[in-house]
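Take a look at the structure below.
Positions are given from 1 along the sequence.
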Amino acid sequence: MTASATAPPRASSTGTTSRNINLLNENVLSYNKTFGKHHDLNAIAGASFQRNTYRNAYMGVLPGSFENDIIKTLNNGIIDPNSTGSTKSAWGLMSYFARVNYAYKSKYLIAASVRADGSSRFGPDNQWGYFPSASAAWRVSEEDFLKGSALLSNLKLRASYGVTGNFNIGDFSWQGGISSTVYSPNNQLGKGKAQTSLENRALSWEKTRSYDFGIDIGLFRNRVNITADYYDKRTNDLLYSVAVPAISGFTGSISNIGDIGNKGFEIEVNSQNLTGRFSWQTAFNFSMNRNKVLNMGVDKEKLFEDQYGMSWLLRVGEPMFSYYGYKAVGVITSNEVLNSGIPLYPGSKLGNPIYEDMNKDGNIDARDRVILGNYQPKAIIGMVNDFSYKNFDLSIAVQANLGATVYNYENQYYQGALVGAMRRDLVKNQWWSEQEPGDGRTPAAALSTLNFQGRSDLYLENGSYFAVRNVNLGYNFPESISRRLRMSQLRMYCSVANLLMVTDKGYHGYNPEGYNGPYPGYNDGTEPINRVVTFGLNVQF
């Protein structure tokens with residue numbers, strides 16, 4: 001069992017000491033051999049041991065207890081028990097590993113490896129994990145029928161399979177944790193320690209099994225290089241905190257539960273577009289990933305709800321943490337609409353949104369909630385262009401993120417509901433009264449309507465963007481000048497970071513990447529992205 005301590009409250013004076021010791025010992029044996037003219041074999045085998053120990057101690061003084069307000073040292077006041085404490089934690093990892101690589105004529109390549117890892121963070125019944133991997137490649141361009149090709153200078157086919165493990169959980173998480181609690185023997189309130197979480201001796205490694213199929217292509221004497229990969233990853237036995245029946249006397253336990261799948265495609269293109277006095281090189285990449293919950297054990301779905309109504313859903317067959325709520329289709333603009341008998345959410349009044357009756361039962365209730373989108377982008381694109389002419393060089397890096405949906409709760413601060421500010425493009429179409437009904441789609445923003453708006457798609461916005469991430473312009477002084485200054489190189493440059501970001505016209509936040517809420521994709525107020533201009537000199541002597 002382990003004892004946990006919370007961060008100390010503020011006091012007039014505090015003292016803290018901490019120490020983190022990490023020991024790593026590794027021993028490796030290697031073997032290399034060439035058989036004849038065409039066979040190359042190399043192998044390694046080894047073992048490693050890692051141990052990390054962390055200690056922390058802190059002490060605080062009660063405010064106003066100093067004998068002399070000028071000398072605010074710990075020995076000059078009364079120690080505050082609530083801001084004084086210490087912690088100690090340790091973890092260890094033992095590993096055995098081996099790898100073999102074989103090549104025939106540098107055309108046919110095979111590799112295989114295996115490792116066994118034992119971690120102290122898991123239960124004694126299941127501390128060891130075993131992680132094999134294998135890969136194969138064929139350099140087709142080395143075959144006689146392709147040698148000397150003016151078009152295809154490189155062609156390589158690849159395939160691989162591997163298993164990796166994750167042990168990044170708290171130290172001793174498999175054990176039942178001890179925390180402070182209160183009790184009242186003989187009707188006298190007291191404070192003590194008690195076990196507050198259930199142990200799990202079978203807790204073990206989270207594992208990810210990956211398949212990858214790829215191709216490398218070089219064209220026109222490798223002036224154009226293309227790398228493309230398709231992958232399929234499945235993460236099994238997720239390390240996850242689950243609720244346990246209250247009758248047990250505990251609230252939760254860390255368990256291995258659930259499977260997550262990720263499939264995707266990645267492509268990278270590097271090209272030398274122009275060579276000579278004026279040169280131009282481009283690096284382009286494109287990636288897309290599809291995420292899906294494959295298994296959740298006994299449960300088929302799990303909801304995480306925000307205080308103002310929006311839910312994040314884990315459901316088998318759907319992407320992780322999908323937005324889950326009501327679909328708004330209009331606004332109660334008048335008493336006539338309010339009393340018309342259309343299905344309305346219980347407690348609705350003028351200015352509130354009208355939700356779609358998804359199951360057509362004539363009522364608006366939890367059964368009408370649907371998946372409204374996901375925070376994960378459908379595609380990510382990046383490109384860097386490098387130019388040079390004589391002594392000048394210019395680099396421009398851009399990025400695009402497409403298809404992500406943001407829960408932009410920040411809008412509440414600009415609609416008048418939280419009396420923070422009024423943003424014209426958000427309030428001009430609101431419902432204000434029957435005489436000023438707005439556009440019929442934007443509800444009122446009074447404090448009493450927060451629960452109605454937050455639980456629907458009204459604050460979901462397109463988080464796609466295009467950004468110019470960095471522009472760097474430089475000038476390399478001629479060698480004659482740098483030598484005269486007794487330098488081997490002298491370069492002057494100007495760099496601009498975050499020069500430009502273009503977002504969807506329907507997005508009203510400052511930063512579509514700024515997730516700062518308790519759940520993925522939750523924007524509860526983020527700072528604008530800073531544009532930074534830098535002037536500098538690079539000098540080498």
Side-chain angles (χ1 to χ4, degrees), residues 158 160 162 164 166 208 210-217 224-235 260-271 273 281-294 312 314 318-323 371-386 395-408 410 460-472 495-517 519-523 526-532:
R158 300 177 280 106
S160 65
T164 59
N166 173 31
T208 299
S210 304
Y211 297 89
D212 186 280
F213 302 93
I215 183 170
D216 301 327
I217 302 173
V224 178
N225 289 280
I226 304 171
T227 299
D229 285 270
Y230 170 81
Y231 61 86
D232 186 341
K233 298 181 180 180
R234 178 165 179 162
T235 302
I260 301 296
N262 285 279
K263 296 181 180 181
F265 174 77
E266 297 175 344
I267 184 169
E268 182 176 346
V269 180
N270 292 277
S271 62
N273 307 315
Q281 299 179 4
T282 299
F284 171 85
N285 61 77
F286 172 90
S287 65
M288 55 187 299
N289 181 76
R290 297 296 178 263
N291 168 274
K292 184 186 293 186
V293 178
L294 302 176
W312 281 256
L314 291 178
E318 300 292 344
M320 291 182 65
F321 293 103
S322 296
Y323 302 114
I371 291 177
L372 300 170
N374 193 269
Y375 72 98
Q376 301 175 60
K378 291 181 173 60
I380 299 175
I381 302 172
M383 185 169 64
V384 178
N385 283 285
D386 294 310
S395 176
I396 303 174
V398 300
Q399 181 191 9
N401 188 310
L402 306 175
T405 301
V406 177
Y407 178 60
N408 196 18
E410 184 178 345
L460 294 181
E461 297 182 342
N462 186 353
S464 301
Y465 66 84
F466 169 82
V468 180
R469 291 298 189 188
N470 191 275
V471 177
N472 195 311
S495 177
V496 183
N498 299 316
L499 176 64
L500 175 69
M501 175 174 280
V502 180
T503 60
D504 184 85
K505 65 179 182 180
Y507 181 76
H508 298 94
Y510 289 114
N511 179 6
E513 295 180 302
Y515 305 150
N516 63 342
Y519 303 110
Y522 193 123
N523 175 19
T526 55
E527 295 182 1
I529 297 177
N530 294 320
R531 181 180 298 131
V532 181

Start with the C-alpha distance between Tyr522 and Tyr407, add both sets of side-chain angles, then the distance that settles ring-ring contact (aromatic ring centres under 6.0 Å, His included), and finish with yes or no. CA-CA 5 Å; Tyr522 193 123; Tyr407 178 60; 5.2 Å; yes
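- No more than 12 heavy-atom neighbours from other residues, nucleotides or ligands sit within 6.0 angstrom of OH on Tyr211.
- Smallest separation of non-hydrogen atoms from Arg531 and Asn498: NE-O, 3.4 Å.
- Rounding to the nearest 0.5 Å places OG1 of Thr227 at 8.5 Å from CD1 of Ile267.
- Between the side chains of Asn270 and Glu268, a donor-acceptor pair is found at a separation under 3.5 Å.
- Between Asn374 and Ser322, the shortest heavy-atom contact is ND2-OG, 3.3 Å.
- Side-chain contact between Phe213 and Asp229 is absent, with no heavy atoms from C-beta onward closer than 4.5 Å.
- Partner Trp312 forms a ring pair (Phe, Tyr, Trp, His ring centres under 6.0 Å) with one of Tyr519, Tyr515, Tyr375 and no other, that one being Tyr519.
- Within the model, atoms CG of Asn408 and NE2 of His508 stand 8.5 Å from one another, a figure rounded to the nearest 0.5 Å.
- A heavy-atom distance below 4.5 Å is not found between the side chains of Asn511 and Glu527.
- Side-chain atoms of Met320 and Asn262, non-hydrogen and from C-beta on, never get closer than 4.5 Å to each other.
- Distance CD1/Ile260 to CG/Leu314: 7.0 Å, rounded to 0.5 Å.
- Of the N and O atoms on the side chains of Tyr231 and Glu266, not one donor lies less than 3.5 Å from an acceptor on the other residue.
- Side-chain contact between Asn470 and Ser395 is absent, with no heavy atoms from C-beta onward closer than 4.5 Å.
- Across all their heavy atoms, Ser271 and Val224 have their closest contact at CB-CG2, 4.2 Å.
- Residues Pro512 and Met501 form a side-chain contact, since some pair of their non-hydrogen atoms from C-beta on lies under 4.5 Å apart.
- In this structure, OG1 on Thr208 lies 11.5 Å from CZ on Arg234, to the nearest 0.5 angstrom.
- Of the possible donor and acceptor atoms, one in the side chain of Ser464 sits under 3.5 Å from a partner among the backbone N and O of Gly403.
- Residues Val384 and Ala397 share a closest heavy-atom pair of CG2-CB, 3.9 Å.
- Here the closest heavy-atom approach between residue Pro319 and residue Gln376 is recorded as CB-NE2, 4.0 Å.
- Interatomic distance, Asn285 CG to Met383 CE, rounded to the nearest 0.5 Å: 10.0 Å.
- Between Gln399 and Ile380, the closest side-chain pair of non-hydrogen atoms falls below 4.5 Å.
- The environment of CZ in Phe284 is crowded: more than 12 heavy-atom neighbours from other residues, nucleotides or ligands sit within 6.0 Å.
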What verdict does the side chain to side chain contact (heavy atoms under 4.5 Å, CB included) test give for Tyr465 and Thr503, after you've listed the backbone C-alpha separation in whole Å, the side-chain angles of each residue and the deciding distance to 0.1 Å? CA-CA 4 Å; Tyr465 66 84; Thr503 60; 4.1 Å; yes
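- When side chains are defined from C-beta on, Thr282 does not count as touching Val269, because their heavy atoms never get closer than 4.5 Å.
- Closest approach of Pro520 to Tyr323, counting heavy atoms only: O-OH, 4.0 Å.
- Note that NZ of Lys378 is 6.0 Å distant from OG1 of Thr405, once rounded to the nearest 0.5 Å.
- Residues Pro377 and Leu402 fail the side-chain proximity criterion, which asks for heavy atoms closer than 4.5 Å.
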